[in-house]
Amino acid sequence: MKSPNKWLSAGLAGLALAVLPAAAQAKLDVDLTSPIGTIQPEIYGQFLEHLGAQPYDGIWVGPDSDIPNTDGIRDDVFAALKALHVPVIRWPGGCYADLYHWRDGLGPQDQRPLRNNMVWGGTPEPNAFGTHEFFNLAERLGARTYLNLNLGTGSTREAADWLEYLTATTGARADERRANGREAPWTVDYVAIGNETWGCGGHQTPEAYADQYAMYASFAKTEGEQPKRIISGSHDENIEYSDTVLSHPYIADLAEGISLHVYTLPTGDWGHKGAATGFPEEEWISAIQRTLRMDKVIDAQVAMFAKHADLPDDFGLYVDEWGMWVDPATEDDHKLYQQNTIRDAVVAALNLNIFQSHADVVKMANIAQMVNVLQAMILTDGPRMVLTPTYHVFEMYEPFMGAEALRVTLDTPDYALGEVAVPAISASAARRTDGKIVLALVNADARDSHTIDASAFGARRAEGRILTAVTMDAHNTFDHPDTVKPMPYAAKGSRGTLVLSLPPRSVIVVTLEQ
Ligand code: AHR
């Protein structure tokens, strides 16, 4: 543990230890003096790819649907996303972005071509949810826009035209946009050039991709403020790809960030990832262990950035795909539909804590994905909708958006099973613009509760919410939508101490009072 700050007196520390059980006692200190950086709201970003039941059914039902909708976007899902204050949405992929031709999704609905989504099982793609539908959705939500340009089957011409169509105030493309019903230009906040270019995005060598990137980035222009340009980078620990791309002589002047993809497979095996529900405790702890890799992976990226002296100081890491990936619930593997449990909630909170602790470099993160795909916020079935435990974590973490991330020091007991041991507790703290300190705590232990002594930095009272559940795979269903939902949580200090109790499998977000 690092040396105590000004709030801690030896007398208080002695008192705390005297009145609390020594076993399984975690200890937390927060440095109030040297913040890490502003937590970009975009780290709570979403990802909307055309695959499975997203966007069709999950978001877009069409104006003629019996499901209540506004201009084709279902009202229940929209209201849930609005309540989440979604900061940014990445669209239209993923792998699908490299197959997407934006002109297919323009104009009258009945004249749009029916295509097949060949990267996701050849499923019908009606193109009903296109450029206008996406940008209108983002605008209504107040979300920033993150467009993934088509590098695989597109062209610089096509990408440049799309950006002109979206943002021009005069000229033929602006007139075409107006004729399609949109007078004012939209804002494109971020563009990615390619996706997983080492894999589904073309199996390109980093050298070949870097050349292509430079070409696209040179023509990816908008009218007005320019979008931030994001390079398609590495996945997991495979750092060399990004390292080589960043060695391209011109790239530092053509990019504001690079992406990183890290998925959590409970078993770590793509052939047998593990089940969403009904899993053994071995797959709980291995999911925790595997997701905690994110911390080291980001550290390695930061160390690699340091080798590239020409990168601008505010060059960012964009973790634009992350989350749990388990074996599919349906026979159609391409739908990537999976149930979402308290394990997903714990995994989400652990990752958000890690992103917040790297607030100086992680400028955006996009959980995969928003509705009905992988670790979704929302699941739908016809007219029904349910919020997942992951949705509740995102909602609970809202007070962190735009706050100053603070450094935490944590002494935590281990949670162990067989040969595997992980830290039981994870913590993240931030100072909000109103001066209040907000604290997130996760107890990743599937079996035991823990207490945490948070007296050190002067907090005397904590109030907020807790998300927990009685079983490892507790989840919400259409018939029982409130099995896992946040409950009020409060802890009051006594005689100069503040001790918080963390039940097993729990996520807590509290505001601290001194
Ligand atoms: O999120 C699903 C897929 O995972 C994305 O399309 C791709 O980029 C990644 O491999």
Side-chain angles (χ1 to χ4, degrees), residues 45-56 58-59 88-100 116-123 125 129 134 146-154 190-204 209 213 230-238 241-242 245 257-266 268-271 273 276 290-291 294 297 317-330 332-338 340 344 347-348 351 364-379 388 390:
Q46 299 291 333
F47 175 26
L48 194 182
E49 179 166 14
H50 289 232
L51 85 93
Q54 182 189 231
Y56 304 110
I59 297 169
V88 64
I89 309 175
R90 176 179 181 233
W91 175 78
C95 297
Y96 182 69
D98 281 309
L99 208 60
Y100 185 62
N116 293 326
N117 184 338
M118 298 309 285
V119 294
W120 293 112
T123 47
E125 168 54 65
F129 188 84
F134 170 71
Y146 182 12
L147 210 52
N148 209 116
L149 300 178
N150 179 345
L151 185 78
T153 63
Y190 302 90
V191 290
I193 296 174
N195 168 71
E196 297 195 351
T197 49
W198 39 263
C200 70
H203 297 95
Q204 300 179 71
Y209 169 57
Y213 176 91
I230 315 304
I231 302 165
S232 167
S234 304
H235 66 98
D236 300 288
E237 286 85 0
N238 302 296
Y241 196 88
S242 290
V245 173
I258 191 163
S259 74
L260 168 72
H261 291 180
V262 182
Y263 282 100
T264 299
L265 283 59
D269 174 359
W270 283 98
K273 298 181 261 302
R290 295 195 60 73
T291 220
M294 182 70 87
V297 170
L317 184 63
Y318 289 70
V319 190
D320 62 16
E321 287 186 31
W322 69 274
M324 287 281 282
W325 196 325
V326 296
D327 291 329
T330 63
D332 183 352
D333 284 15
H334 291 109
K335 287 200 157 117
L336 304 188
Y337 179 90
Q338 61 192 44
N340 193 297
D344 294 72
V347 161
N351 280 282
M364 188 193 293
N366 307 75
I367 189 165
Q369 299 194 6
M370 193 157 74
V371 182
N372 288 334
V373 173
L374 298 176
Q375 192 176 349
M377 305 294 113
I378 295 170
L379 301 176
T388 66
T390 302

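Note that these values count all heavy atoms, side chains included, but never hydrogens, waters or copies made by symmetry. None of the values given here were measured: they were computed from a predicted structure. Note that ligands are numbered from 1 as they come in the structure, with each ligand's atoms numbered from 1 the same way.
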Every pair of nitrogen or oxygen atoms between ligand 1 and the protein that is under 3.5 angstrom apart - can you list them with their distances to 0.1 Å?
from	atom 1	to	atom 2	distance (Å)
ligand 1	1 (O)	Tyr263	OH	2.7
ligand 1	1 (O)	Gln369	NE2	3.0
ligand 1	4 (O)	Tyr263	OH	3.4
ligand 1	4 (O)	Glu321	OE1	3.2
ligand 1	6 (O)	Glu49	OE1	2.7
ligand 1	6 (O)	Glu49	OE2	3.1
ligand 1	6 (O)	Cys95	N	2.9
ligand 1	8 (O)	Asn195	OD1	3.4
ligand 1	8 (O)	Asn195	ND2	3.0
ligand 1	8 (O)	Glu196	OE2	3.4
ligand 1	8 (O)	Glu321	OE1	3.1
ligand 1	8 (O)	Glu321	OE2	2.7
ligand 1	10 (O)	Glu196	OE1	2.7
ligand 1	10 (O)	Glu196	OE2	3.1

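Rounded to the nearest 0.5 angstrom, Tyr146 OH and Trp91 CH2 are separated by 14.5 Å. Asp98 contributes atom CG, which lies 8.5 Å from atom OG1 of Thr197 (distance to the nearest 0.5 angstrom).
A 4.5 Å side-chain heavy-atom check between Tyr100 and Glu125 finds every atom pair outside the cut-off. Proximity of Thr390 to Met324: side-chain heavy atoms (C-beta onward) are nowhere separated by under 4.5 Å. A heavy-atom distance below 4.5 Å is found between the side chains of His261 and Asp320.
The 12-atom threshold is not exceeded at NZ of Lys335, counting heavy atoms of other residues, nucleotides or ligands nearer than 6.0 Å.
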